[in-house]
Structure formats: structure tokens, C-alpha cells
Trainee: 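Structure provided below as C-alpha cells; questions to follow.
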Amino acid sequence: MTSDVAPQTAIDLLRRMERIRLLEEAIAERYPEEKMRCPTHLSTGQETVPSAIGVALRRDDQVFSTHRSHAHYVGKGGDLGALVAELYGKAGGCCGGRGGSMHLSDRSVGFVASTAIVANSIPLAVGAALANRLLGNGRVGCALFGDAAVEEGVFSESVNFAALRALPVLFVCENNQYSVFTHLRDRQPAGRRIHEMVAAMGVRTVVGDGNDALAVLAAVEDAAAHARNRKGPVFLEFATYRWREHCGPFYDNDLGYRTAGEFEAWRARDPVARLEGELVSRGDLDAAGLRSLQESVRAEVAAAFDVAEASPFPPAADAYRELFVAQDGMPSQGSHTE
Amino acid sequence: MTSDVAPQTAIDLLRRMERIRLLEEAIAERYPEEKMRCPTHLSTGQETVPSAIGVALRRDDQVFSTHRSHAHYVGKGGDLGALVAELYGKAGGCCGGRGGSMHLSDRSVGFVASTAIVANSIPLAVGAALANRLLGNGRVGCALFGDAAVEEGVFSESVNFAALRALPVLFVCENNQYSVFTHLRDRQPAGRRIHEMVAAMGVRTVVGDGNDALAVLAAVEDAAAHARNRKGPVFLEFATYRWREHCGPFYDNDLGYRTAGEFEAWRARDPVARLEGELVSRGDLDAAGLRSLQESVRAEVAAAFDVAEASPFPPAADAYRELFVAQDGMPSQGSHTE
Amino acid sequence: MTARSITYAAAIHEAIQTAMTLDERVICYGLGVPDPKGVFGTTLGLQEQFGAERVFDMPTSENAMTGVAVGAALAGLRPVVTHQRVDFFLLAMDQLVNSAAKWRYIFRGEMAVPLTIRLVIGRGWGQGPTHSQSLQAWFAHVPGLKVVMPSLAADAKGLLLASIADNNPVVFLEHRWLHNQAGAVPEGDYRVPLGKAAVLREGADVTLVGMSFMTMEALRAAEHLAGRGVTCDVVDLRTIAPLDWDTVLGSVSKTGRLLALDTSWITGSVAGEIVARAATECWEALKCAPQRLGLPDFPVPAGYSLTRGFYPTACDVVRKVEQMLGRELGAEALAIPADEHHDVPGEWFKGPF
Amino acid sequence: MTARSITYAAAIHEAIQTAMTLDERVICYGLGVPDPKGVFGTTLGLQEQFGAERVFDMPTSENAMTGVAVGAALAGLRPVVTHQRVDFFLLAMDQLVNSAAKWRYIFRGEMAVPLTIRLVIGRGWGQGPTHSQSLQAWFAHVPGLKVVMPSLAADAKGLLLASIADNNPVVFLEHRWLHNQAGAVPEGDYRVPLGKAAVLREGADVTLVGMSFMTMEALRAAEHLAGRGVTCDVVDLRTIAPLDWDTVLGSVSKTGRLLALDTSWITGSVAGEIVARAATECWEALKCAPQRLGLPDFPVPAGYSLTRGFYPTACDVVRKVEQMLGRELGAEALAIPADEHHDVPGEWFKGPF
Ligand SMILES: Cc1ncc(C[n+]2csc(CCOP(=O)(O)OP(=O)(O)O)c2C)c(N)n1
Ligand SMILES: Cc1ncc(C[n+]2csc(CCOP(=O)(O)OP(=O)(O)O)c2C)c(N)n1
Ligand SMILES: [Mg+2]
Ligand SMILES: [Mg+2]
């Protein structure tokens, strides 16, 4: 299956992963400057799933995300400068500085938005899928979330409704075992397999190794085709691992909530390095090609920070705009008012 | 298994079922007098599960119930006069007229209470179980609910937590296929088996025929022993059928939301008549014994209405009392205030 | 356009039907929407007319189904979602407050959430503490929501059409005791602009501000007071957020006396907000302390005798006006006779709902 | 009893620890409770001290876990449940309003729900629209809930102990910017009765009513005003429900001037309720229109420049007093200099939380 992937596609996948890796590392490095004055949830180590989503879905398929949104945004092809500017609270930010790190949006690439309440955006993706079906636009909705989100009742409710109406939506769970400092064992019963639980709710499920980028890509492509072909929603669960602290730029293994051994074992399975190796051994890229890809991404990341630095702060008065849409949105037919 | 049940136990079970049947039918008959000025959700046809719960659980095990609460209250041994008086809004009502049909309580028999929001009381039963474990009182919590309640997110959340901590709680679902007028097929995906979905969440499950009272009793006894022995929660699902309209005293098959054939098929499996027949054929009761049991229950029901009629209305000023407890409840140790 | 007398429920039905005819993007769902009772008659026949893709029932999942509506609205539909009691909707506050109300703002005005949420408030038949709450004060406190509370049948139609046409999330509150009230309702695509109060009656002495069912009590009181030589402005708010301060404060400035009426608990009520704003902004014009009436700060009991006197009525309105004017105005004439049922809007109203 | 200077967070920690020592029925849970950060330090070490049966983390299931707390309280425990932001708790409104607030009343006083729910409100570090709401107006509107909002470290301890001791459901709101503020806090089982406001400063000209962090701004403003010859009563509400009307209205009757301060949106705020009640009940005593300050009716933006001026400060308080007294009082001296960070309570406050 792995070898089925065309070289350009594989390189596209790698490029997205490199972007996430290098951007997050740059954020981590520069966060202590205190110019990014908002929470940040980095995805270093979790580059695979968001990138595969970006490659496998169409540009106009709608992705909804969470607090850990940078990678999802970047994976789907979101503008890097607008992201970093948003972290800086600048006018050039993708939400004009209103949202900060947890509220990103780039609708031009189908990254509808991320929201900061756990599981909150899952039903929105289902709603988008409902609209897609009715509008017949062939789009697929996609909710990305973590292993804690499945503990929220709204998750079960959303899955139930999507299954009931066989909606074109993907539920994608990045299972990194932790919710902040809390391991799955303290939140879900022993022996729980999330994907089995969801299968019993009545949807097709897929489970996979989140460090195997090409396999993840194949799984997402398959699931998207399933949903697009009106066969109903798909739930995908991938095992992955967050390298850095839950929120903020640092490593925090010293806090003792997880072992150094566990961390090292996951880091040894670095998904970016693995895909680099695979592409080189497949012959899709040679060492020079890889280096130049990395360099170009590094330049993109640097440019994004330049954009953010150069962008002005929005005036304080901008906080008092755009609460409501002024115009009505329904056609009228000899409509008359009192 | 059926034959294991001791005669007194079987007769106890039947007596509870007769109470429910005759009480609900009396309410239906007298509701049009407009003295019961509150909604009423009757359980005619659904007598088995509440009665089995009442027989199988200990008096001090805690039952929590729903809008369809009369049967649950009566099954657990609640006082009939206090129930009918509550429907009348009388001072002698089990909530002094404050709650009406959907809010019943008789803590002397471990019927903690019913509440009117679908699935709302499920986590309360889990909380009671948490307290039981910590207090070491050996009690089991029990949540009764319908097939729609499992669609509420709070149900999954509650099951997850109970399973996580292996709490002594029973989740008992009376699956009568309908939520008001809406069939399961319009609410849950085709092929859904509720008990399988719950099993995949990580709890022991049992599924059974809700018209086979002795089998239901055995299943509940087994589940209660499991929970009491610190082996964790149990989910029980029983197929059953509501004969009358969702809310109110009448039959409503004329409305067309369900077929006469379906209704007749279920009514033909009348669980009360079935258990009567079984007890007679087991020799636990002869025809005269059965008649006298029915007569005594009929007298109880009539007496309950007498109690309600005779009880005074609470004065209007009673509405403005007992919002808060005045006394503190924590011991103090040289406690000092500012 | 002609206006016939139809009920408030029929007016709502007509509004949805008109909207669905005008705009294919309008969908309508909620518990019981296509069932034989059709949410107090307001959705009867819509599924037959518009099909099961646009009109459907839902699982008992209030929170997710609110999020689904937000997502569908963002993706191009115009959902109208119905809940048979506001009490059930307490489960959906996250999606209402964190999603519906904030999306447009957070994403700097690039998205819109054209969503109408119909919620039933008020009494019904012995509904008790968890089936008769009235949470407009909560909704009106949250920036980004419009909140509508029609009193008259014509407004029920006109405001619902305007709500569905509006590109913002609208919470539309229907009092259960109003559904069967009839009134003249224009045919066709009749819209009443959101954010505009109506002065239903003009007077010089007191401003009565009402909303939803309380406007009925205000009108009854004003009629009685007129017979005693006291004339009232009766301002029917219609929209609670954004509230039409020009009309309300204009009337208070004219009469110098304010009595604000609310369907909910008095403490923290919208009536309190009106009193506060009037005190701050009409200070010079006020002739006496501004007043309000609402429910006592207790859960609503179910029982018959316990609800007697629980809800403020026209009689209480007149009593307050008596206090404000310092003279006797015959309030007792409006008291509900002890031998009449106080727990139904009329003898035609029957249980079990 | 001795009082040492400790932080508000440490005071909360001490209250929980004291309660758990005094009463075995007290349990404590919530997301992050036993984790290495211990909810801003307020729960550190409690699991080690009291064991995992009494102190534990929970699944991300706010609604059920609130219901679990209600059920446990009914069955004999005294739960203290913690949420790191009030915003997350929007998921639990059904259990709060339909269960916790109503059980005792519905079941005619035979049951009790001794439950304390700790919720964090306020700013933090660029938290933005869904991590910094302040919903006391909602809670205070619901009969059956007590609502506590301590400002000083000593009160944080004393009120939390009193909340846990109380046999009723208490919503305990902690402002994120107060956790690190230090103050003299008595040792031992120190309790401050619920429902009693504190007059932190006495004066003759204006009554400033504050709650939570706004009391800090009120104190700063009062200090400044004193230097200009204007003296203020600074009333720290401490409990929002039941609200200590005697103290508030007593002060207003004395000074004749009211300025109520709120941490939430101005429309529908608790400050509005205070203005309304003062206008109605202190009418004769008022010398000028009662006033209030709160947040503008917009979601709270995350961005640095956008929050400048969003939150009312001591400077705004003095400006309002200038308007009320009709004279210049040097408000500008309290303005945050353009080169100082306005988005942290002090330079020591760092992200990412
Ligand atoms: C409803 C709600 N509860 C709690 C939080 C606090 N919180 C923010 S992120 C997070 C962890 C979520 O874990 P998971 O879903 O596994 O995602 P991950 O952080 O591992 O990517 C929590 C509990 C929140 N934002 N929303
Ligand atoms: C949260 C909530 N949503 C909707 C309702 C309205 N409602 C009352 S009973 C009911 C049906 C519940 O069906 P089920 O759980 O199967 O119980 P049954 O009535 O069949 O016994 C509904 C939807 C409610 N009470 N609470
Ligand atoms: Mg995780
Ligand atoms: Mg059912």
C-alpha cells in the first residue's frame, strides 16, 4: 500500500510535516520572548495525522479543529504568516488577533476553524456534513480531536447523529494518551479501545500507527472516499505522542507525570525522520533534495515570523466591531413589514 | 432459572406488578376529572422491570428515575397514597405538591427520586454509588431510564466514569422503542444494539425480554450481586412496550405513529397476565389466591385515591420555603470567624 | 396584504412554511417536529411539504444538535431548531454561548451563523420546576445573540420570519400560554424588524414595559387603569437583545414612571436591567422610583395551590401602579376569583402538557 | 489565631486541606486536581495526603461529573469540584440548574446538596473569548444556588471553608488574577459567613460596590480619591447570592451615590441588579443617577492591543466618579502607561496560562 503513493504526493506529505515540525520548534524557541501572549499547544511529534488530512482531503473539504490547532491548520495548507501573526495578536493574524493560538481559520484552504473547548467543534463538522449533503456539493466534513474529547458527551451525540443519517464526515482522533498531565488510565476504563467503542455506535472505524505517515495517508484517503461516496461517516484513531508540554514551549518530562523511557521510545520513532528515510529509500528524494526541501520550509517559517513582526497591532477599537451581520440573508418575495 | 425463584418472592414480584397495573389504570380513568393537573407518563405494559428492581434490590439501595416515574416508585415500594396525592398537588403528596408526577420520592424505601429531564438522573445514581463506596455502606445505586436517554451525552459520560472506577451502580434501560412519538429508527443508526454499544464502553451488559418477569428478576439479582461485590457497574437492557400514549391517560394508536398490529402483538404478551399464569402453573398461587391478591391491590389503589382526595392543598405560602438548608453541615474544630 | 385571525401557533407555522418556501437553505428540526402533534401544532405537515431532508426529528442530544445547527449554518444552511422547553436547552449552553454567539466575532466577521433556535417557556399544565423556566436574562447577557420574545400572533409570525432571515443566531422564545391566543396576522412574507419595540397603547402617566405573556397582563392592567383615569404607555419589547432602548427610555422620559414586567425570576431579570438603565439614563425625568415585577426567587412548584399568586398578573401590575401614584385604583377587581382556575390561560386549556 | 501572609491560591489550598481534615466526607475532584500543577497550586499534594479515593482527576465530562457530585452529595458526601475555567462549565448547566439548585426545594426540604463548585473566571494570559468569561449573573439568577466571589486572600479561605461547610450548592468563583495576590490569612478553621459583604473602606461621598478582582480596582480608586478629598465606602460583596442588601443599600442610603463594578459584560450584569435595587429601594436617598461599570458587550478578544481598555480599571472608576460629582479628580494619573503591559496583573505573571 505504502508504495502506491506517488512521489509528488509523498513529498507533499513530507513537506507539510516539515512545516509543522519546523514551525512548532520555532514557536517554542521564540515563545520566551513574550511576544506571543496567548496559550500555545504545540504538536511536535504529532505531525503525521494533520499532514495526511491535508493531502488526502480536497481543498474545499471542511476541517474543524481544537486547542492543539497549529498543526491542523498548517497540515491543511493554512497560511503560515497569518498563523504566526495571530499568535502575536497582530492585524495580519488569521483572526485579526481576536482568537489567539486556539482560534485559527483559513477558509481559503478548507480549514474552517479551531475552537478551544474540548470536543466543541465535533458537532460543527457534522453540521457542515449535513449541509454538504443537502447542498450536494460533494464535500466532506472532518473533525480532528484528541483522546480526551471522546469523554465528552457531545462526541457520542455527534457520532450517533452522523451515523443515523450516514453523513459525509470523518472523525479523526489523535490519541496521544494524555489530556494535559492525565493519562488515559485515569480517564477511561482499563481495556477500553476507543475505536471499538465507536464501532459499536455504528460507524466504520480505522485504527493505525500515527507515526507511519504513508499508512495514515492511505487510511485517510480510503475513509474520505467512503464518506464522499455516501457510505457514511468514518472514525479514525491514530496512536501518536506529544513531545513537549501540553501548553507552552518547553519539555516537561521532569514533572514526573510520564517517564523518560516512554518519551524516549516515542521520540525514537520520530515520524518526520521516518518519512524522510522512507522517501530517500524509495528514491523519491535524494539527500540533496531533502536538504533543499527542509531549507525551503525553514525559509517559509522564517518569513512567517517576519510577516508577524511586520504586521501592525490592530487598533483597540477593532475589538468593538463585527459582532453581528447587518444584512439579512433570506430572499424576500413581496416581503412587507409592519 | 425461573423455577429457582421462591414462591414468596414470585408473589412479591407479581404484587408489585399488579400495583403498577391497577394504579396506572386508575390514574388513566380518573385523569379526565382534571384533578391531577400535571403531566402523567403511565407505564401500563411496562410493569416488569420496575417490579423486578424493587424485589431484587435492597430497601436501602438507591433508585433514581425519570419522567415515567410512577412505576419505578411503586416497584421500589413507594407509598401509593403519597404518590396519588402528589399528582393531586396535595400537602400529603410525596413532595408536598411541589414536584407533580415527574418528581417523586420515597427515601424510606430507597426510591431517592425521579427527575424530568431525559437522562438527568443517571449521573446522580453514579454519584450515589461513589458515595456508597467511600462510605462503605454496601449499597448499590441504580438508574432507570428509557431508550432515548442513551442518546444524551451525559449517559456515555456517566457510564465511562462508573466503569473507570468500577462503581456499584446498575444502569437499567427500559427499551420501549419510542421517545414520545419517535421510533428508534429515527434516532439511532440502523443495526444499533444499545447493549453492545455499552459493552464496548467497558461495562458488563445484560439484555433480556422485558415481558418475562421472572427472567428479568434473575438478571437484576445477578447484576446487583455483581455490583455489590465490587466487580463494577452493570448495564441491563429490557425490551418492553408502553401501551398508552406517551403522556396522558389515553390510547393513541389512532395517530398512526405506530401500527395497531405492533401494539396488539405487544399487548398479547401482557407481562402481568403472563406472570399470573406462571405463578398459577407453578402452584405458587391458585385462582382464588390470585383473585384475593388482585382485590387487595385494588383496595390499596382505591385507598391511595382516598388519601389524595382527603389531603388538604398546601397553603400558597408553602411555595416560599425550604430553598436553602439553614444549618451548616461540617464539624468545626476551634473554628473561628472574622 | 390581508390579515386574518389565526393563533400564535398557526402564525409560527406560517412563518416557517413561508421561509422554507422562499429559501431552500432553510431547514427545520427538533424533537417532535414531524410527529403527529408537531410541537404544539407549529410544525405540522412541514415534513410532508418539504421532505425529510429539510424537516426532521432528532436524537435526544440537545448539545450536539445545537452544534450541528451552527456547523450547518456556517456551511450555508439556515437552520430553525426547536426545543419544547427551554429547560431542555440547558444542555446546549456550550454550543450556544461558546459557538453560536462567538463565531462571527472571533473569526473577524468573515463567517455568519444564520440560526434560529425556538424555545418554549412558561407554564403549560402543572409543568413544575424543570419544565417552565424562562431564561431570557441569560441569553440577553451574552454578546452575539439576538433574543426575541413575541407577545402578539402577528409579531410571532413577523419576528420569526425576520429571525430566520437574519444572518445572526437568534433565540426565539415562545410562551406556552400564547400558542393558542389568536390575533390578526398578515398573510405572505410578513416581517417585523428585530430590535424594535412596539408601543401597543399610549398614555401619559406610567410606562409599562412587557415581554411575551407579561404584555398581556400589561394590556389588561392598562385597560383597567384607563377606566380609573390613569393612562399608560404599554411598551411590548418584542426583542430583548438588542433591546430598543430608544423606545423604552423615550417612553420613561415622557411618563416619568416605569414598571417593567418579566416572565422570570425577579433577581437578575431583564426587568432589572431595564430599571437599571432607566435609573441611570432617565434620572432627571423619573418622578418616582422605577419598579419591576417578576417571579419570586424560588423554583416554580408544580402543585395547583402552590402556584396561586406565584405569577404576577394584571392585578399585581395595578397594585404596583397604586403604590407608584399613591392612590387606590381598584386592583382587586382584577384578582382571579378563588373559584376560577389560575393555572390555565382559559378553561379550554387542558393537560397533560 | 495567627494570620500570615500567603497567596489567594495558598489560602484556597489551606481551606480544602482544612475541610478534608475536619470531615472525612469531603472529597475533591476535577480536571488536573492531582496533577503536577494542581489547579494553579490550589490542590497540590492533596491526593498524597488524603488518598485517591477522596482526591482524584476526572474524565473530560463536565456535565456528568457535576451530576455525580450532586448524587454523591445527596448520598452523604461533601464534594468540592474544580473546573479550570467557568467556560468549560457551560457544559454542565443542566446538572447545575435542574439538579443542584432545585433538589432540596422540589423534595420539600428533605434532601440537601452540600456541594461546592470552584470555577475560575477572569483573564489569564491572552485567554480570549472562550477562556475568560465571568458568568456570575447567570448563577445569581437561579434560585437555589449560593454564589461566592472572594477578593481578598483571607476571604478566599474563609469563604471556601464556609462554602464547604454549607449544606447547599455553592458556586465559588476565583479570578485568575487573584490567585497570586498575597494577604494576611488566619490559620486553622477560619470561616467567613456566606451572604455578608465587607466594608473595606469607609467614606461619605460615594459607595463603590466591588466583587472579585473589581474590588482591587475599587480600592485603588478609593485610595486615589481620598487624596482628592473624596471619600468612598468600598463594599466588597464577597457573596453574590444571597446578596447582602442591608450592607449595600445601607451604604448607598448613607452616601447617596452608587457605582457598582462588575467583572462581566455590562448588560444583564450583577452590577445592573445592584443599580436596579438601589434605584427602587434607595430612591429618596440617591443624590445622582446610580452608575455601573463592566465589560463592553463583546466577546473578549485574545489579542494584546485589542484588550487595552477592554476591562474597566481604577482609572475608569475615578472617571465615573468625576461625572457623578461633576468635578475633575485626576483620573488620568491612574491610567496604565502606554509602555506598561495592561494584560497581566504584574510583570511576574507569565504565560502560557
Ligand atoms: C470542555 C473543556 N474542558 C477542559 C478543557 C481544558 N483542556 C484544554 S486542552 C485539554 C486536554 C485535551 O486532551 P486531548 O483531547 O487528548 O487533546 P491533546 O491536548 O492531547 O491534544 C483540556 C482538558 C477545555 N479546554 N474544555
Ligand atoms: C433533555 C430533554 N429533552 C427532551 C425532553 C422531552 N421528553 C420527555 S420524555 C421524552 C421521551 C423519552 O423517551 P425514553 O427515554 O425512551 O423514555 P420513555 O418515555 O419511552 O419511557 C422526551 C423526549 C426532556 N424531558 N428532556
Ligand atoms: Mg490527548
Ligand atoms: Mg422509550
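The chains referred to below are lettered A, B, ... by the order of the sequence lines, with proteins before strands, and numbering in each begins at 1.
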Trainee: Heavy-atom cut-off 4.5 Å, strictly under: side chain, backbone, both or neither for Ile266(C) against chain D?
Mentor: backbone
Trainee: Identify the two heavy atoms, one from Pro129(C) and one from Lys102(D), that lie closest to each other, and give their separation to 0.1 Å.
Mentor: O-CE, 3.1 Å
Trainee: First locate atom CG of Leu96(C), then atom CG of Leu90(D), and finally report the distance between them rounded to the nearest 0.5 Å.
Mentor: 9.0 Å
Trainee: If you check every heavy atom in residues 277-284 of chain D against those of chain C, which residues fall under 4.5 Å?
Mentor: Arg277(D), Ala279(D), Thr280(D), Trp283(D)
Trainee: Below 4.5 Å, heavy-atom pairs only: which of Ile106(D), Leu91(D), Leu135(D) has the largest tally toward chain C?
Mentor: Leu91(D)
Trainee: Report which part of Phe298(C) has an atom under 4.5 Å of a heavy atom belonging to chain D: side chain, backbone, both, or neither.
Mentor: both
Trainee: Does a donor on one side chain sit under 3.5 Å from an acceptor on the other, for Ser269(D) and His141(C)?
Mentor: no
Trainee: As an exercise, state the distance from CG of Asn63(C) to CE of Met93(D), rounded to the nearest 0.5 Å.
Mentor: 11.5 Å
Trainee: If you define the side chain from C-beta out and look only at heavy atoms, does anything of Glu273(C) sit under 4.5 Å from Thr267(D)?
Mentor: yes
Trainee: Work out which heavy atom in Gly272(C) is nearest to a heavy atom in Ala276(D); give both atom names and the distance.
Mentor: O-CB, 3.4 Å
Trainee: Any heavy-atom pair between the side chains of Trp138(C) and Val97(D) that's under 4.5 Å?
Mentor: yes
Trainee: If you count every heavy atom of other residues, nucleotides or ligands that lies below 6.0 Å from Lys196(D) atom NZ, does the total exceed 12?
Mentor: no
Trainee: Considering only heavy atoms, which portion of Asn98(C) lies under 4.5 Å from any heavy atom of chain D: side chain, backbone, both, or neither?
Mentor: both
Trainee: With only heavy atoms counted, which part of Gln133(D) is less than 4.5 Å from chain C, the side chain, the backbone, both or neither?
Mentor: side chain
Trainee: Looking at Leu286(D), Leu258(D), Leu295(D), which has the largest count of heavy-atom pairs under 4.5 Å with chain C?
Mentor: Leu286(D)
Trainee: Looking only at heavy atoms and a cut-off of under 4.5 Å, which of Pro301(C), Cys288(C), Pro296(C) has the most pairs with chain D?
Mentor: Cys288(C)
